[in-house]
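Input: a single structure, listed below in structure tokens.
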2 protein chains.
Amino acid sequence: MPWAYALCVYALSCSMWRENVFPMNVGIKDVARVAAVSPATVSRVLAGRTVDPVMRDRVLEAVRETGYRPNLAARRLRSRHTKTIGLIVADIRNPFFTAVSRTVEAIAYDHGLRVIFCNTDEDAAKEAMYMQLMQEERVTGVILAPTREGADRIAHLESDFPIVLIDRAAPNASCDSVVLDNEAMAARLVVHLHRLGHRRIAGLFGTDTVTGRERCDGYERAMAECGIPGEVVPVPHEREQAQRVIAALLGDVARRPSALVVSNSVMLQSVLRVADTLGLEIPRDLALTSFDNEPWMEFVAGGLSVIEQPVEEIGRTAVTMLLDRLDHADCVTRRVVLAGRFIARGSGGRGAEA
Amino acid sequence: MPWAYALCVYALSCSMWRENVFPMNVGIKDVARVAAVSPATVSRVLAGRTVDPVMRDRVLEAVRETGYRPNLAARRLRSRHTKTIGLIVADIRNPFFTAVSRTVEAIAYDHGLRVIFCNTDEDAAKEAMYMQLMQEERVTGVILAPTREGADRIAHLESDFPIVLIDRAAPNASCDSVVLDNEAMAARLVVHLHRLGHRRIAGLFGTDTVTGRERCDGYERAMAECGIPGEVVPVPHEREQAQRVIAALLGDVARRPSALVVSNSVMLQSVLRVADTLGLEIPRDLALTSFDNEPWMEFVAGGLSVIEQPVEEIGRTAVTMLLDRLDHADCVTRRVVLAGRFIARGSGGRGAEA
DNA sequence: AAAACATCAGAGAACGTTTTCCCTATTTTT
DNA sequence: AAAAATAGGGAAAACGTTCTCTGATGTTTT
């Protein structure tokens, strides 16, 4: 009784008898028989190759009549191209990734490619498992937002298919990649806060990603250039732990900075939660800036000042690069660095930027 | 030059020569040769069937040595079970669906099932295309959040695989389904607002989904029971259009209600946007209640009062039902109705609920 | 000790396509 | 008008597995 937790379970329409209108499995041979042609001809018609029009029509009619649907497994086995790409993201709850995924999917389908979508939850083991799956699926290529371990592993790995890294890629990565200019964008946030008069600016960055690393570098560089000491706070991915770390930072009045640079929107939500429980008002008690832009950010904390990533462009570029790589396998690896857009709203506090 | 828009493109590591350490395509036969056994035996070892231990070890060693990876296309073709389920959602940007997807994926993988993830963007044509794809993939089953047209179509359709409807299902649907008790939950929101003293409560519901329909019914019933006239506002899915409709409602001071019941979180964001541009403060000028709970909702409009859906339970139940249906194909169809949880925060305005 | 039975490895068919090869019919060239 | 070239359809192989069937090797029963 697996539905014990259900509010109620209705049972309906008793006899769903399977009267099979069509023979259970219609194959290309059945179509061929009905159309009185050879299987090869049916295949040719379906592939859109030149076939005598009268035969073609006979085949098409037979397809309609029999309700034939090609078997993709068989097709892929024989033709040896799967027309499938893998998309492996690190956190499906992060709207940045869902936005990129949506674009990737749409563009891939425009190119007649199916996409296998996977979510690793920042878990290197799951990631490895999925990469193996990609191999077993004999995918055409993979678009991957790797964990840090994953990024390392890929550097040493010679895979059977091209890989395009998104969002996270070491500068010396051995495959194509499309990333944000994380350093510059993190620096932009620091400069923004500095101009607003903040001098105690802490940086919260993920411990497990090269993206976090890069943003941290940009933060540190900018802080140095501003001539103020920085405090880098490594924040784990898991929500509970993240909130503990943040609470430790903000709960101690002596330690508490006046402003924060936060590495992404899920981390930002942990910050908001902690600030709320501590009774901190934003931006009065704590100024906030972050990466990623989402609709609700307009309405929180007087409008959050953030770096917006060009999500469509990231997705589009990734697919384009992958496709291009298929044609030019031995070409040099490329690294595309995209600029983000800084959106100034109210969460920086302390008067307006010049 | 498809990267004209790039901030910069680095070209790296020139000669990625493909020195194939292993023969390009290692098959089960190659493994068999190396292990000096028959292909059948290799297959048996890989399937975990009883094989002489010494042979088994030889095979395992040969697998390691050759770097063999099974070809899933071939396996699926021959064995005639794909161990794959389809998951078709209507809007990947809606966090409700991403949350459900995450659960479905995790549970499916626990059961050794792969999932093909698809996003229809509320487009019936895309949905139909994906359903056809599922057929061509010969999936084991499908979990589907249908558009309204899709729900209608499925009622007449006799598909080759079981389908479990989630989130949206007509009460008379011809397949298994797991849904929220939309009527009761919508009524709950109305009652909440009524108790707070609101008398002019409008309901905003999607035009294209049976979920919207059901929530609307609950809203109307509850309004009638409270003895106050309701105003139902159909809101299209597309963002621009949605905002126009909402602006028309809230912009006209005479027409403007004092409180709103909103059907989901993406619609809610449109409401927030419009309220913001109109300079309406929440809950002072407009009380707000909605479906779906997300972390940021704590921090907007004094805390949004919402109906939280049991997302994990929905995903888990859907997979369980699908699996169960495979064992009991001719069983009656089941409809699981889950209760949501009402979370009262501040956005209802006008004093506290009794 | 012989007969019946169980166990398990190998040979080869099968899964549903695409593709190669060959052959015929037609068109083009000389 | 004959020869060469081209086009397009059919037969059969091939893709990499799993599965059925058969036979051999032990193991138990009488």
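Letters go in sequence order (proteins before strands), and every chain restarts at 1.
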>> Measure CZ/R80(B) against P/dA13(C) and give the value in whole Å, please.
In response: 19 Å
Below 3.5 Å is the cut-off: list the nitrogen or oxygen pairs between protein and nucleotides 20-24 of chain D, distance only.
none

> Nearest nucleotide by nearest heavy atom, which residue falls closer to the 5' end of DNA chain C, A47(A) or T41(B)?
Replying inline: T41(B)
>> Which residues pass the salt bridge (Lys or Arg N to Asp or Glu O under 4.0 Å) test with E136(B), not counting sequence neighbours?
In response: R69(A)
>> Show the nearest heavy-atom pair for residues A124(A) and R153(A), with the distance to one decimal.
In response: O-NH2, 3.8 Å
> V63(A) versus L46(A): any side-chain heavy-atom pair under 4.5 Å?
Replying inline: yes
> Can you find a side chain N or O atom of T50(A) that sits less than 4.0 Å from OP1 or OP2 on dG8(D)?
Replying inline: yes
>> If the threshold is 4.0 Å, N to carboxylate O, is there a salt bridge linking R316(A) and E105(A)?
In response: no
> Taking atom C1' of dC19(D) as reference, at what distance in whole Å does atom CZ of R75(B) sit?
Replying inline: 14 Å
> Relative to the 5' end of DNA chain C, which residue comes earlier, P39(B) or A74(B), by the nucleotide with the nearest heavy atom?
Replying inline: P39(B)
>> Any residue in residues 27-35 of chain A with a heavy atom nearer than 4.0 angstrom to DNA chain D? Just list them by number, or reply none.
In response: none
>> Using whole Å, what does the distance between atom P of nucleotide dT18(D) and atom NE2 of H81(B) come to?
In response: 9 Å
> Mind checking whether L165(B) and V179(B) have side chains closer than 4.5 Å, heavy atoms only?
Replying inline: no
> Where do V115(A) and Y109(A) come nearest, in terms of heavy atoms and distance?
Replying inline: CG1-CE1, 4.0 Å
>> Nearest to the side chain of R49(A), heavy atoms from C-beta on, is which of dC19(D), dT19(C), dG16(C)?
In response: dT19(C)
>> Once side-chain hydrogen bond (donor to acceptor under 3.5 Å, both in side chains) is applied, do any residues pair with N71(A), and if so which ones, sequence neighbours excluded?
In response: none
> Sequence neighbours excluded, which residues qualify as salt bridge (Lys or Arg N to Asp or Glu O under 4.0 Å) partners of R76(A)?
Replying inline: E137(B)
>> Show every side-chain hydrogen bond (donor to acceptor under 3.5 Å, both in side chains) that has at least one partner inside residues 40-59 of chain A, sequence neighbours left out.
In response: S38(A)-T41(A)
>> Does S43(A) reach a base, just sugar-phosphate, or nothing at all? Heavy atoms under 4.0 Å.
In response: base
>> Over the length of the helix from dA1(C)-dT30(D) to dT30(C)-dA1(D), how much do the five-pair end axes diverge, rounded to 10 degrees?
In response: 30°
Which atom pairs, one a donor and one an acceptor, fall under 3.5 Å between side chains of residues 142-150 of chain B and the rest of the protein, sequence neighbours left out?
{"residue": "T147(B)", "atom": "OG1", "partner": "E127(B)", "partner atom": "OE1", "Å": "3.2"}
{"residue": "T147(B)", "atom": "OG1", "partner": "G150(B)", "partner atom": "N", "Å": "3.0"}
{"residue": "R148(B)", "atom": "NH2", "partner": "T207(B)", "partner atom": "O", "Å": "3.4"}

> Taking CZ from R69(B) and C1' from dT17(D), how many angstroms apart are they, rounded to a whole number?
Replying inline: 15 Å
> Listed by chain and number, what are the salt bridge (Lys or Arg N to Asp or Glu O under 4.0 Å) partners of D208(A), not counting sequence neighbours?
Replying inline: none
> Quick one: salt bridge (Lys or Arg N to Asp or Glu O under 4.0 Å) partners of D167(A), sequence neighbours excluded?
Replying inline: none
> Can you tell me how far the CG atom of N119(A) sits from the CD1 atom of I88(A), to the nearest 0.5 Å?
Replying inline: 10.5 Å
> Does D121(A) come within less than 4.0 Å of R102(B), counting only side-chain N to carboxylate O?
Replying inline: yes
> If every non-hydrogen atom of T140(B) is compared with every non-hydrogen atom of F161(B), which pair is closest and at what distance?
Replying inline: O-CB, 3.7 Å
> If every non-hydrogen atom of L77(A) is compared with every non-hydrogen atom of A73(B), which pair is closest and at what distance?
Replying inline: N-CB, 4.1 Å
> For DNA chain C, what residues of residues 130-139 of chain B have any heavy atom nearer than 4.0 Å?
Replying inline: none
>> What is the separation between atom CG on L46(A) and atom C1' on dT17(C), rounded to the nearest whole Å?
In response: 11 Å
> Does any residue of residues 51-60 of chain B have a heavy atom under 4.0 Å from DNA chain C, and if so, which ones, in number order?
Replying inline: V51(B), D52(B), M55(B)
> Of the nucleotides dT17(C), dC15(C), dT17(D), which one has an atom closest to the side chain of N71(B)?
Replying inline: dT17(D)
>> Between C1' on dT18(C) and CG on L72(A), what's the gap in Å once rounded to a whole number?
In response: 14 Å
>> Between R335(B) and D176(B), does any NZ, NE, NH1 or NH2 come within less than 4.0 Å of an OD or OE carboxylate oxygen?
In response: no
> Does OP1 or OP2 of dT18(C) have a side-chain N or O of S79(A) closer than 4.0 Å?
Replying inline: no
